[in-house]
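A short worksheet on the structure shown next.
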There are 2 protein chains.
Amino acid sequence: MKQQEVFRAMADPTRRAILKRLQGGALSAGEIGALFDMTAASLSHHFAVLKKADLVRTERRGRYIVYSLNNSVFEDLARMVFDLFPLKENPPRGSSGGKR
Amino acid sequence: MKQQEVFRAMADPTRRAILKRLQGGALSAGEIGALFDMTAASLSHHFAVLKKADLVRTERRGRYIVYSLNNSVFEDLARMVFDLFPLKENPPRGSSGGKR
DNA sequence: GCAACATTTAGATAATTGTCTAATTATCTT
DNA sequence: AAGATAATTAGACAATTATCTAAATGTTGC
């Protein structure tokens with residue numbers, strides 16, 4: 001699991017925006033491009049980072065390359081986050097380990 | 001909420017390691033320093049990033065400055081992650097948007 | 001108040017990252 | 001196969017980031 005890749009990918013606002021757009025369903029590189037004020041080349045670079053982190057998947061559809069969220073990695077990401085923090089809200093110093 | 005700061009802070013492996021160490025309880029800057037092969041100055045920089053993201057809090061205790069996790073931001077982070085991904089595994093194209 | 005200690009801040013440098021333009025690859029249509 | 005379209009790759013450059021050394025700040029104990 002590429003923890004580093006995932007966190008790195010999420011660190012850029014453009015990439016997070018791309019992920020957010022993809023929530024609405026798969027989009028081609030060009031369609032995404034139309035939504036951002038940036039060259040196709042720059043976006044392509046962002047796609048590469050997202051792909052390396054396994055956050056998106058691609059499928060060629062004729063002339064288009066279609067991007068979609070890879071939801072399975074979402075679980076991993078959630079796990080990472082939970083793993084990085086203790087499980088309790090704000091342990092008032094007396095409560096011994098609660099549930100999960 | 002400083003979404004950008006939080007994600008940026010999490011993007012560095014040293015910082016994630018610091019967070020992980022703090023799970024075991026609060027530690028002074030020096031104690032943390034003993035765990036990493038890096039100058040105190042460099043670590044201090046990482047502390048600053050973590051603080052700016054509100055992921056840790058500090059308290060001066062005499063000569064020491066003690067760092068601890070700020071668990072409340074954990075919730076925010078979880079929310080961000082959940083917000084960034086749809087809730088369903090792999091919406092089969094026909095299902096109209098579910099709850100929340 | 002001075003010396004020792006713990007940590008941060010300042011300033012410099014090397015590595016990484018985000019963006020661009022130009023060139024390349026892949027696909028479709030005729 | 002040639003031309004048009006969609007996207008990626010290559011190469012360059014500016015901005016950001018991580019790290020270091022040296023200096024400064026804040027705290028304790030004599």
Side-chain angles (χ1 to χ4, degrees), chain A residues 2-22 24-70 77 84, chain B residues 2-22 24-70 77 84:
Chain A
K2 311 148 190 164
Q3 179 154 345
Q4 177 55 29
E5 304 299 337
V6 174
F7 279 116
R8 169 165 137 48
M10 305 277 286
D12 184 87
T14 299
R15 288 194 289 266
R16 289 198 305 277
I18 292 171
L19 292 175
K20 207 131 184 43
R21 291 291 189 166
L22 289 177
L27 292 172
S28 72
E31 288 172 321
I32 297 172
L35 302 168
F36 292 88
D37 190 21
M38 190 176 290
T39 66
S42 297
L43 278 172
S44 193
H45 162 255
H46 286 304
F47 297 152
V49 175
L50 289 170
K51 242 179 117 173
K52 195 164 161 199
D54 231 29
L55 287 163
V56 301
R57 274 175 293 150
T58 64
E59 181 201 353
R60 186 174 268 278
R61 274 197 168 233
R63 269 192 282 203
Y64 304 86
I65 293 183
V66 173
Y67 284 87
S68 55
L69 284 186
N70 180 5
L77 176 58
L84 222 39
Chain B
K2 312 150 189 163
Q3 179 154 345
Q4 177 56 29
E5 305 298 338
V6 174
F7 279 116
R8 169 163 137 49
M10 305 276 286
D12 183 89
T14 298
R15 288 193 289 266
R16 289 199 306 278
I18 292 171
L19 292 175
K20 207 132 184 41
R21 291 290 188 168
L22 289 177
L27 292 171
S28 73
E31 287 171 320
I32 297 172
L35 302 168
F36 292 87
D37 188 22
M38 190 175 289
T39 66
S42 297
L43 278 172
S44 192
H45 162 254
H46 285 305
F47 297 152
V49 175
L50 289 169
K51 243 179 117 174
K52 194 165 164 198
D54 231 29
L55 288 163
V56 300
R57 272 174 295 151
T58 62
E59 181 200 353
R60 184 174 270 278
R61 273 196 169 233
R63 269 193 281 204
Y64 304 86
I65 294 183
V66 173
Y67 285 85
S68 56
L69 283 186
N70 180 6
L77 176 58
L84 221 40

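Chain naming here is simple, since letters A, B, ... match the order of the sequence lines and numbering starts at 1 in each.
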**Prompt:** How does protein reach along nucleotides 24-30 of chain D, written 5' to 3' as B (base within reach of a heavy atom under 4.0 Å), S (only sugar-phosphate), or - (no contact)?
**Reply:** --SBS--
**Message:** Once side chain to side chain donor-acceptor pair (under 3.5 Å) is applied, do any residues pair with B:Arg8, and if so which ones, sequence neighbours excluded?
**Reply:**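 Per chain and number, B:Arg8 pairs via side chain to side chain donor-acceptor pair (under 3.5 Å) with no residue.
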**Request:** Starting at CE of A:Met38, measure out to CG of A:Leu43 and round the result to the nearest 0.5 Å.
**Result:** 5.5 Å
**Message:** Measuring from atom CG of B:Leu69 to atom CD1 of B:Ile18, what distance do you get when rounded to the nearest 0.5 angstrom?
**Reply:**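 Here the interatomic distance stands at 11.0 Å.
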**Request:** Without swapping roles, check the side chain of B:Arg16 against the backbone of B:Met10 for a donor-acceptor pair under 3.5 Å.
**Result:** yes
**Message:** What's the angle between the local helix axes at either end of the helix from C:dG1-D:dC30 to C:dT30-D:dA1, using five pairs per end and rounding to 10 degrees?
**Reply:** 30°
Which side-chain N or O atoms in residues 44-54 of chain A pair as donor and acceptor under 3.5 Å with protein atoms at least two apart or in another chain?
from	atom 1	to	atom 2	distance (Å)
A:His46	ND1	A:Arg15	NH1	3.1
A:Lys51	NZ	A:Thr58	OG1	3.3

**Request:** Could you list by number each residue of residues 24-36 of chain A showing a heavy-atom separation from DNA chain C of less than 4.0 Å, or answer none if no residue does?
**Result:** none
**Prompt:** For DNA chain D, what residues of residues 10-20 of chain B have any heavy atom nearer than 4.0 Å?
**Reply:** B:Asp12, B:Arg15
**Complete:** Under a 4.0 Å heavy-atom cutoff, the residues of residues 41-48 of chain A touching DNA chain D are A:Ala41, A:Ser44, A:Phe47
**Item:** For B:Ala41, side chain to side chain contact (heavy atoms under 4.5 Å, CB included) partners two or more places apart
**Value:**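 Result, side chain to side chain contact (heavy atoms under 4.5 Å, CB included) vs B:Ala41: B:Thr39.
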**Request:** Please list, chain by chain and in numerical order, all residues satisfying side chain to side chain contact (heavy atoms under 4.5 Å, CB included) with A:Glu31, sequence neighbours excluded.
**Result:**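 Scan of A:Glu31 (side chain to side chain contact (heavy atoms under 4.5 Å, CB included), adjacent residues dropped) gives A:Leu27, A:Ser28.
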**Prompt:** When you list every nucleotide of DNA chain C with an atom under 4.0 Å from a heavy atom of chain A, which one comes first 5' to 3', and which comes last?
**Reply:** C:dT17 to C:dC28
**Request:** Could you say whether A:Arg8 or A:Ala40 is positioned toward the 5' end of DNA chain C, judged by the nucleotide with the nearest heavy atom to each?
**Result:**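 Result of the comparison: A:Arg8.
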